[in-house]
Novice: 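Following this message is one structure expressed as structure tokens.
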Amino acid sequence: MSVVHVLLTGGVGSRLWPLSRKQSPKQYLNLFGGKSLFEMTIQRNQNIADKVVIVGNRDNTHLSHKAMDNCGLAYINIEEATPRNTAAAIAFAAFAVSPSDILIVTPSDHMISGDESYELAMQKGIEKAKEGFIVTFGIQPTRPETGYGYIEFDQDLVKSFREKPNLDTAEDFLERGDFLWNSGMFCFQASVFLDELKKYEPKVYDAAKVVWDAAKEGVLDESLSLQIPSISVDYAVMERSKKIRVVPTSFNWSDLGSFEALYDYFVSNGYPKDDNGNLVIGTELFTGFVGLKNTIFVCTKDAFLIVQKEKSQDVKKIYNMLEKHQSKLLD
């Protein structure tokens with residue numbers, strides 16, 4: 001039995017446009033002391049896992065390979081021809097290892113601090129996974145966040161999963177104290193996950209198995225992949241299985257999915273801002289703010305973004321508009 005770190009590298013970080021693009025998603029940007037979130041995620045799990053499996057789309061394969069070269073680690077690469085959401089991506093990783101192996105599944109674009117707390121949480125997850133449970137990791141909420149899903153819990157039992165709430169509901173969750181943020185990180189035995197996927201989403205399981213059996217050196221066929229129903233692991237398994245357990249965690253966590261989260265991270269690490277909380281990313285040219293507070297100015301070679309910190313979730317609207325017009329500014 002090995003412990004395997006499964007790294008999911010899909011996603012384009014649309015709420016961090018124009019920094020994050022299809023050709024350089026946020027997880028590969030060297031914004032954090034010369035390192036990327038991808039590299040930091042790999043290093044965080046080095047002492048816990050024996051092997052690494054990377055599941056990502058073909059556009060990201062070269063970026064993952066470059067990052068893994070920087071880390072100096074061998075890995076199993078699974079190259080998706082077309083994204084089919086997280087249920088299928090995790091199934092491919094489970095097919096690639098021994099049935100008894102324990103998988104720790106993480107996104108590649110989260111910021112976590114507190115290595116000891118993280119390792120302790122993962123070890124708790126591994127122990128529960130050895131007992132046949134599917135484990136999710138919950139984050140202690142620090143604010144009424146509307147951009148995350150929530151887990152209602154009692155000790156290690158999951159009472160319910162909740163979608164991203166409105167502000168009033170999020171404030172109620174925080175006040176009640178029995179809700180955690182859903183981190184999107186999981187731990188389970190490969191065979192247990194595949195059994196549950198087959199039980200609750202047999203079409204996903206069967207189609208993914210066909211794709212995996214036809215794969216050549218980890219490269220998946222596109223036409224076969226399109227037959228896989230696109231469904232998240234949350235809907236496919238986590239919200240339906242009777243084998244779910246939660247490990248409440250105590251490390252600091254952010255999915256860095258918005259400029260508000262990036263702003264908070266930068267400021268907490270001494271990044272400069274002006275007296276009114278305005279912050280500049282991407283240029284050393286003098287930038288003056290008049291009559292503005294908590295505003296983020298983002299500069300890239302082909303686009304500027306000016307966003308009020310509290311409205312940073314709405315950056316996705318610009319991304320969607322550019323996508324609708326098939327703009328090269330997304331590449």
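Quantities reported herein were computed from a predicted structural model and do not represent experimental measurements.
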Novice: State whether the side chain of Asn278 and the backbone N or O of Asp274 hold a donor-acceptor pair below 3.5 Å, judged by distance alone.
Specialist: no
Novice: Using a 4.5 Å cut-off on heavy atoms from C-beta on, say whether the side chain of Met68 contacts that of Ile42.
Specialist: yes
Novice: So Gln43 and Gln46, do their side chains get closer than 4.5 Å, heavy atoms only?
Specialist: yes
Novice: Between Leu262 and Leu19, is there a side-chain heavy-atom distance shorter than 4.5 Å?
Specialist: yes
Novice: Are Ile139 and Leu174 in one and the same hydrophobic cluster, where Ile, Leu, Val, Met, Phe, Trp and Tyr link if side-chain heavy atoms are under 4.5 Å apart?
Specialist: no
Novice: Determine whether Val280 and Cys299 make a side-chain contact, defined as any pair of heavy atoms from C-beta on separated by less than 4.5 Å.
Specialist: no
Novice: Under a single-linkage definition using a 4.5 Å side-chain heavy-atom cutoff for Ile, Leu, Val, Met, Phe, Trp and Tyr, are Ile112 and Ile151 assigned to the same hydrophobic cluster?
Specialist: no
Novice: Side chains of Phe173 and Pro141, heavy atoms from C-beta outward: is any pair under 4.5 Å?
Specialist: no
Novice: Ignoring hydrogens and angles, tell me if any N or O in the side chain of Arg245 forms a donor-acceptor pair with the backbone of Asp156 under 3.5 Å.
Specialist: no
Novice: May I ask you to decide if Lys243's main-chain N or O and Ser241's side chain share a donor-acceptor pair within less than 3.5 Å?
Specialist: yes
Novice: Measure the CD1-CE distance between Ile134 and Met238 for me, rounded to the nearest 0.5 Å.
Specialist: 6.5 Å
Novice: Within a strict 4.5 Å, meaning less than it, do heavy atoms of the Lys164 and Thr146 side chains meet?
Specialist: no
Novice: At what distance, to the nearest 0.5 angstrom, does CG of Leu279 lie from CD1 of Ile296?
Specialist: 6.5 Å
Novice: Compare every heavy atom of Gln189 with every heavy atom of Ser100, then report the nearest pair and how far apart it is.
Specialist: O-NE2, 3.1 Å
Novice: Please determine whether a side-chain nitrogen of the Lys or Arg among Glu131 and Lys128 lies less than 4.0 Å from a carboxylate oxygen of the Asp or Glu.
Specialist: no
Novice: Pick out which of Tyr28, Tyr75, Phe32 makes a ring pair (Phe, Tyr, Trp, His ring centres under 6.0 Å) with Phe38.
Specialist: Tyr28
Novice: Filter on side chain to side chain donor-acceptor pair (under 3.5 Å), then keep only pairs touching residues 210-221, sequence neighbours left out; what's left?
Specialist: Lys209-Asp213, Asp221-Ser223
Novice: If you count every heavy atom of other residues, nucleotides or ligands that lies below 6.0 Å from Glu310 atom CD, does the total exceed 12?
Specialist: yes
Novice: Could you tell me whether Phe186 and Phe193 have their ring centroids closer than 6.0 angstrom?
Specialist: no
Novice: Go through the steps for Asp154 and Asp178 under the test side chain to side chain contact (heavy atoms under 4.5 Å, CB included), then give the verdict.
Specialist: CA-CA 7 Å; Asp154 181 8; Asp178 56 353; over 6 Å; no
Novice: Would a hydrophobic clustering, with Ile, Leu, Val, Met, Phe, Trp and Tyr connected at side-chain separations under 4.5 Å, put Phe137 with Val237?
Specialist: no
Novice: Kindly compute the distance separating CD (Glu323) from CG (Leu330), expressed to the nearest 0.5 Å.
Specialist: 6.5 Å
Novice: Show your working on side-chain hydrogen bond (donor to acceptor under 3.5 Å, both in side chains) between His110 and Thr41 and close with a plain yes or no.
Specialist: CA-CA 8 Å; His110 290 183; Thr41 306; over 6 Å; no
Novice: Contact between Ile54 and Leu7 at the side-chain level, heavy atoms closer than 4.5 Å - yes or no?
Specialist: yes
Novice: Lys199 vs Arg240, test: side chain to side chain contact (heavy atoms under 4.5 Å, CB included). Steps then yes/no.
Specialist: CA-CA 10 Å; Lys199 178 178 180 180; Arg240 298 156 82 180; over 6 Å; no
Novice: Measuring from Leu37:CG to Gln27:CD, what's the distance to the nearest 0.5 Å?
Specialist: 8.0 Å
Novice: Gly13 and Ser20: which non-hydrogen atoms are nearest, and at how many Å?
Specialist: O-CB, 3.5 Å
Novice: With a 3.5 Å distance limit and no angle check, can you tell me whether Thr287 reaches the backbone of Leu285 through a side-chain donor-acceptor pair?
Specialist: yes
Novice: Can Tyr150 and Trp181 be said to form a side chain to side chain contact (heavy atoms under 4.5 Å, CB included), step by step?
Specialist: CA-CA 5 Å; Tyr150 284 73; Trp181 287 336; 3.2 Å; yes
Novice: From Phe251 CZ over to Thr249 OG1, what is the distance, rounded to the nearest 0.5 angstrom?
Specialist: 3.5 Å
Novice: Would the distance check show the side chain of Ser36 and the main-chain N or O of Glu39 forming a donor-acceptor pair, the cut-off being under 3.5 Å?
Specialist: yes
Novice: With the side chain counted from C-beta on, respond yes when Arg84 and Leu226 share a heavy-atom pair under 4.5 Å apart, and no when they do not.
Specialist: yes
Novice: Is it the case that the side chain of Asn85 and the backbone of Ala87 share a donor-acceptor pair, with hydrogens and angles ignored and the cut-off at 3.5 Å?
Specialist: no
Novice: If we ignore hydrogens and angles and just use 3.5 Å, is the side chain of Ser98 paired with the main-chain N or O of Asp101 as donor and acceptor?
Specialist: no
Novice: Within a 6.0 Å radius of atom CG on Asn166, are there more than 12 heavy atoms belonging to other residues, nucleotides or ligands?
Specialist: yes
Novice: Show your reasoning for whether salt bridge (Lys or Arg N to Asp or Glu O under 4.0 Å) applies to Arg21 and Asp302.
Specialist: CA-CA 12 Å; Arg21 309 286 184 102; Asp302 58 359; 2.6 Å; yes
Novice: Is any side-chain N of the basic residue among Asp109 and Lys26 closer than 4.0 Å to the acidic one's carboxylate O?
Specialist: yes
Novice: Would you say the side-chain atoms of Asp50 pair up with the backbone N or O of Val3, donor to acceptor, closer than 3.5 Å?
Specialist: yes
Novice: Kindly determine whether Glu260 and Asp264 satisfy side chain to side chain contact (heavy atoms under 4.5 Å, CB included), including the steps that lead there.
Specialist: CA-CA 6 Å; Glu260 180 172 16; Asp264 291 341; 4.2 Å; yes
Novice: Does Leu220 belong to the same Ile/Leu/Val/Met/Phe/Trp/Tyr cluster as Val105, with side-chain heavy atoms less than 4.5 Å apart forming each link?
Specialist: yes
Novice: Give a yes/no verdict on a cation-pi contact between Arg44 and Tyr118, requiring under 6.0 Å between NZ or CZ and the six-membered ring centre and an angle within 45° of the axis.
Specialist: yes
Novice: Only one of Thr283, Leu305, Val307 passes side chain to side chain contact (heavy atoms under 4.5 Å, CB included) with Phe297; say which it is.
Specialist: Thr283
Novice: Ring centroid separation for Tyr319 and Trp17, is it under 6.0 angstrom?
Specialist: no
Novice: In Å, rounded to the nearest 0.5 Å, how long is the span from CG of Leu329 to CG of Leu322?
Specialist: 6.0 Å
Novice: Give a yes or no answer on whether the side chain of Gln155 reaches the backbone of Leu157 with a donor-acceptor pair at less than 3.5 Å.
Specialist: no
Novice: Kindly work out whether a path of hydrophobic side-chain contacts (I/L/V/M/F/W/Y, heavy atoms less than 4.5 Å apart) joins Val246 to Phe161.
Specialist: yes
Novice: Between the side chain of Tyr263 and the main-chain N/O of Lys309, is any donor-acceptor distance below 3.5 Å?
Specialist: no
